[in-house]
Amino acid sequence: MTSLEGVPHMAVVGADLHVEVAGGSRGLPAGQPGLDDWDVVSRDSGGALMTSNQEATSGTSARKFPDGFLWGTATAAYQIEGALEEDGRGPSMWDGFARRPGAIYDGSNAEVAVDHYHRYRDDVQLMKQLAARAYRFSIAWPRIFPEGAGTPNQKGVDFYSRLVDELRANDIEPFATLYHWDLPQTLHDKGGWQNRNTAAAFGDYAGYVASQLADRVRYFFTINEFSTFVERGYGTGTLAPGLQLAPAELNQVRHHAVLAHGLAVQAIRAQAPQGTKVGPAEQAIDVQPIIETPEHIDATRTAMRELNAGYLTVMLEGTYTDAFLTQTGADAPKFTEDDLRTIGSPIDFVGTNIYASHHLVRAAGNPAGFEVVPYQGTHPDALWPGIPKSIVSLPFTPESMYWGTKLLVDLWDVKEIYITENGGPFTHEPDAEGSQPAIDGIENDTDRIVWTRAYLHQLQRATAEGVPVRGYFHWSLMDNFEWSGGLRPRFGLYSVNYETQERTPKLSAEFFRACAAANAIA
Ligand code: BGP
């Protein structure tokens with residue numbers, strides 16, 4: 001493991017850069033002094049030209065986040081822990097899915113992943129070196145209940161207990177996610193999320209975890225990305241368990257997932273000390289107006305509510321929208337009024353994973369009141385290396401940070417928001433075309449820095465307007481097992497050598513540390 005100490009500050013290397021400077025534009029030849037020596041032009045709020053130096057000292061700088069804003073990183077148990085058969089962990093549905101030929105893009109699996117189960121202490125130090133004050137991790141249900149329910153496994157509880165203690169000892173606030181997709185195999189064998197009993201089992205498991213950890217964990221996320229694990233696991237079949245259900249069955253799975261969330265909220269409240277906070281961590285279908293004018297913004301609000309009707313909307317409103325029930329018709333989920341009350345149980349915050357706007361939206365005179373505008377094929381994109389754009393792509397849409405948080409307030413008056421994930425799969429293989437060499441052994445992931453900074457600017461725009469975003473978790477602390485993408489797409493601030501398990505900070509780790517330390521965009 002390499003520490004961040006001694007990471008050189010970014011030097012300008014490679015091709016000429018063009019930087020706009022007072023008095024015109026000039027090329028910055030390779031090997032010239034760093035950008036700090038230059039006065040970069042911007043405009044103040046009145047539109048007057050000012051240099052970066054003036055901006056920093058004039059008090060008009062728009063880069064600060066509110067006091068107490070938490071900077072952290074996020075991971076998930078299955079993607080980092082390895083040790084799948086250790087200390088009594090039961091099998092999960094992902095173990096078998098990953099072994100299916102063709103299920104994982106590069107043929108890898110998570111048996112070792114990044115060996116976090118054995119290296120968690122060192123990994124907490126990696127966080128510390130980032131100046132991070134919070135960490136979002138997930139608890140593996142099959143470590144706690146190897147059979148999904150019944151007798152808990154003390155060794156599984158002990159692992160997370162040690163992790164939480166280590167975090168607290170290092171002044172890092174633990175944020176625990178209860179379900180990040182590793183369903184116990186035994187439950188899957190009984191129908192998994194197609195079976196309503198799985199929702200009840202999840203509630204019991206959540207309550208039990210709270211009874212063991214809530215004395216030291218103050219924030220719990222129920223389920224990670226309802227829409228992703230349901231739509232891709234049971235709709236397109238690209239994630240475990242790889243099913244392609246008919247619409248009525250798929251709607252029932254959606255319903256069981258949100259019901260499980262509501263049951264977990266109630267169980268945590270029953271078991272945890274007062275003041276424990278709980279909420280979902282969803283990747284909403286994020287939308288942004290094609291043009292920021294009142295009519296397109298109105299249409300975007302409608303789109304956000306309707307496109308998320310089966311997940312976020314029902315959790316926040318405790319009811320399915322009329323349009324959702326009309327559209328699903330005979331395929332609508334079967335539910336009771338009591339289910340809706342449970343699903344709508346009051347929560348303390350919304351966690352939102354924001355990678356991109358799924359749709360641009362414009363006003364339309366149709367019954368829905370909005371229309372989505374497709375992205376051009378030429379839209380700038382972060383791709384998973386080697387994977388066609390038709391399968392995975394993240395359109396570069398920094399404004400998703402602004403609209404993805406602001407709309408939560410506009411629509412549902414959400415009082416506390418966390419960006420529970422944000423990042424990009426920027427992967428640099430030394431022999432790949434366009435890959436730039438490392439600088440003094442540090443991966444030169446300028447793309448991750450430029451991408452993240454643009455998103456942070458839009459997040460800061462939201463907080464400056466009073467949108468109550470309390471923290472930002474970068475996905476991810478370190479490279480890890482990216483589900484059906486395998487080990488190839490690399491999201492980490494730290495690069496991991498999968499043979500030696502050595503962790504090395506990328507340049508983006510230095511960027512993150514600068515932001516976290518200053519509580520501002522660096
Ligand atoms: C989220 C998952 C994470 C991680 C991340 C990567 O969906 O919660 O576990 O896999 O995605 O980003 P992407 O959305 O591009 O797959």
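Values in this document were obtained by computation on a predicted structure and should not be read as measured data. One-based numbering, in listed order, for ligands and for the atoms of each. In what follows, residues are counted from 1 in the order of the sequence shown.
Between W483 and ligand 1, a contact under 3.5 Å exists for at least one N or O pair. Considering backbone and side-chain atoms alike, W181 places every N or O at 3.5 Å or more from each N or O of ligand 1. At under 3.5 Å, a nitrogen or oxygen of E482, whether backbone or side chain, sits near a nitrogen or oxygen of ligand 1. Considering both main-chain and side-chain atoms, T228 never comes within under 3.5 Å of ligand 1 through any nitrogen or oxygen pair.
Here the two rings, on F473 and W475, have centers that are 6.0 Å apart or farther. Ring-centre distance between Y455 and W451: below the 6.0 Å cut-off.
Scanning all protein heavy atoms for the shortest distance to atom 3 (C) of ligand 1 gives E421 OE1, 3.4 Å. Protein heavy atom at the shortest distance from atom 7 (O) of ligand 1 is E225 OE1, 2.5 Å. For atom 9 (O) of ligand 1, the closest non-hydrogen atom on the protein side is Q79 OE1, 2.7 Å. When only non-hydrogen protein atoms are considered, atom 5 (C) of ligand 1 lies nearest to Y355 OH, 3.2 Å. When hydrogens are left out, the protein atom nearest atom 12 (O) of ligand 1 is F491 CZ, 3.3 Å; that is the closest non-hydrogen contact.
Atoms of ligand 1 lying under 4.0 Å from at least one heavy atom of H180, given by number and element, are 2 (C), 3 (C), 8 (O), 9 (O). Using a 4.0 Å cut-off to heavy atoms of Q283, the atoms of ligand 1 that qualify are 7 (O), 14 (O).
Annotation: the span from T75 atom OG1 to Y120 atom OH amounts to 14.5 Å, rounded to 0.5 Å.
Defined by atom type and a distance below 3.5 Å, a donor-acceptor pair is missing between the side-chain atoms of T186 and D189. Counted by atom type alone, D87 and Y117 present one or more donor-acceptor pairs between their side chains at under 3.5 Å. Side-chain contact of S357 with D286: a donor-acceptor pair under 3.5 Å is absent, judged by distance alone.
Using cut-offs of 30° and 60° on the angle between ring planes, the pair Y418 and F349 is perpendicular.
Among the candidates Y179, W483, Y311, the single residue satisfying the ring-ring contact (aromatic ring centres under 6.0 Å, His included) test with F229 is Y179.
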